[in-house]
Amino acid sequence: MIGTPEVGDDTQPELALPKGRRRIVALLVVAVLAYLLDLGSKMLVVAKLEHQAPIEIIGDLLKFEAVRNPGAAFGFGEAFTIIFTCIAAGVIVVIVRLARKLYSLPWAIALGLLLGGALGNLTDRIFRSPGVFRGAVVDFIAPAHFAVFNLADSAIVCGGILIVLLSFKGLDPDGTVHKD
């Protein structure tokens with residue numbers, strides 16, 4: 001038959017991953033990269049920038065300034081750190097459960113960004129002072145007239161924007177396209 005490998009034919013890959021597993025691998029690679037970039041940048045900020053004057057990157061438009069944020073975005077909800085910790089853990093669980101039905105590479109990238117960002121900020125909440133599940137997130141990217149944020153926040157926002165765009169295009173995580 002045409003296209004059917006013969007016995008002993010070595011031209012076909014033996015260990016090719018099924019399409020769904022490749023998407024899970026893509027999700028995990030993106031998540032690990034986002035997480036490691038966030039973790040590494042925060043370690044560098046804590047070691048070199050904390051308790052120092054801000055570093056001007058583009059004049060007054062963009063600075064690197066170490067800030068500990070016990071709240072959510074824009075510093076809101078400082079008294080609810082434990083709730084934000086639970087929300088981040090919940091997001092991680094939802095993404096891991098959704099990964100089993102994932103057959104779309106764009107969705108794998110979007111969910112990988114969300115997962116990496118959520119893990120980055122959750123790591124701060126668990127391991128940074130003042131204590132377990134009450135830790136403050138390390139923020140350091142300080143644009144003028146905007147909130148100070150970190151690479152995990154950027155990954156979460158980029159993943160969220162990508163999800164909105166994919167939804168508008170009608171692409172579902174399982175790879176199907178629908179028209180509403």
Side-chain angles (χ1 to χ4, degrees), residues 20-52 54 62-102 104-143 146-167 172-174:
R21 290 223 174 132
R22 286 188 299 224
R23 301 309 184 240
I24 292 171
V25 169
L27 181 150
L28 292 175
V29 166
V30 170
V32 167
L33 283 174
Y35 177 71
L36 291 177
L37 285 171
D38 178 65
L39 185 63
S41 66
K42 289 174 180 175
M43 290 171 64
L44 188 62
V45 165
V46 169
K48 301 289 184 185
L49 189 58
E50 201 163 50
H51 309 296
Q52 303 294 323
L62 180 64
K63 298 177 183 178
F64 285 165
E65 178 179 7
V67 175
R68 296 289 181 121
N69 180 4
F74 308 108
F76 293 119
E78 291 183 16
F80 301 104
T81 304
I82 189 77
I83 293 171
F84 300 132
T85 304
C86 292
I87 290 170
V91 166
I92 292 166
V93 168
V94 168
I95 292 170
V96 169
R97 291 190 58 132
L98 184 59
R100 294 182 292 157
K101 300 175 186 175
L102 189 61
S104 164
L105 182 59
W107 271 93
I109 292 168
L111 293 174
L113 287 168
L114 286 178
L115 181 59
L119 285 169
N121 285 339
L122 183 61
T123 299
D124 281 358
R125 301 245 184 244
I126 292 173
F127 295 108
R128 296 208 187 270
S129 63
V132 176
F133 299 115
R134 296 179 297 121
V137 172
V138 174
D139 289 332
F140 63 94
I141 303 169
F146 195 72
V148 182
F149 59 95
N150 58 45
L151 294 181
D153 298 334
S154 297
I156 291 167
V157 168
C158 290
I161 289 170
L162 185 53
I163 286 171
V164 169
L165 293 173
L166 294 171
S167 296
D172 290 335
D174 65 1

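All values reported here derive from a predicted model rather than from experimental measurement.
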Closest approach of [X] and [Y], non-hydrogen atoms and distance?
{"X": "V45", "Y": "A66", "result": "CG1-CB, 3.7 Å"}
{"X": "G135", "Y": "P130", "result": "CA-CD, 3.9 Å"}
{"X": "A118", "Y": "V91", "result": "CB-CG1, 4.4 Å"}

Is the closest side-chain heavy-atom distance between [X] and [Y] below 4.5 Å?
{"X": "I95", "Y": "L27", "result": "yes"}
{"X": "V137", "Y": "R68", "result": "no"}
{"X": "F84", "Y": "P70", "result": "no"}

Could you state the interatomic distance from [atom1] ([X]) to [atom2] ([Y]), rounded to the nearest 0.5 Å?
{"X": "T85", "Y": "D124", "atom1": "OG1", "atom2": "CG", "value": "10.0 Å"}
{"X": "L33", "Y": "D38", "atom1": "CG", "atom2": "CG", "value": "12.5 Å"}
{"X": "D174", "Y": "L98", "atom1": "CG", "atom2": "CG", "value": "9.5 Å"}

Partner set under ring-ring contact (aromatic ring centres under 6.0 Å, His included) for F140, not counting sequence neighbours: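 Testing F140 for ring-ring contact (aromatic ring centres under 6.0 Å, His included), a comparison that skips the adjacent residues, returns F64.
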Sequence neighbours excluded, every pair satisfying side chain to side chain donor-acceptor pair (under 3.5 Å) that has a member inside residues 110-121: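 Passing the test, one end in residues 110-121: K42-N121, N121-N150, N121-D153.
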Heavy-atom donor-acceptor pair, D139 side chain to N69 backbone, under 3.5 Å: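 A pair under 3.5 Å: no.
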Residues L105, R23; criterion side chain to side chain contact (heavy atoms under 4.5 Å, CB included); working and verdict: CA-CA 6 Å; L105 182 59; R23 301 309 184 240; 3.9 Å; yes
Test side chain to side chain donor-acceptor pair (under 3.5 Å) applied to R125 - qualifying residues, sequence neighbours left out: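 Partners of R125 by the side chain to side chain donor-acceptor pair (under 3.5 Å) criterion come out as none, since no residue qualifies.
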Residues that R134 engages under salt bridge (Lys or Arg N to Asp or Glu O under 4.0 Å), provided they are two or more places apart: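 With sequence neighbours excluded, R134 shows a salt bridge (Lys or Arg N to Asp or Glu O under 4.0 Å) to no residue whatsoever.
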Under 3.5 Å, side-chain donor or acceptor atoms of residues 155-165 against the rest of the protein: list the pairs with distances, not counting sequence neighbours.
none

Can I get a per-line list of side-chain donor-acceptor pairs under 3.5 Å for residues 107-115, giving both atom names and the distance, sequence neighbours left out?
{"residue": "W107", "atom": "NE1", "partner": "L171", "partner atom": "O", "Å": "2.8"}

Verdict with supporting geometry, V148 and I141, side chain to side chain contact (heavy atoms under 4.5 Å, CB included): CA-CA 5 Å; V148 182; I141 303 169; 5.7 Å; no
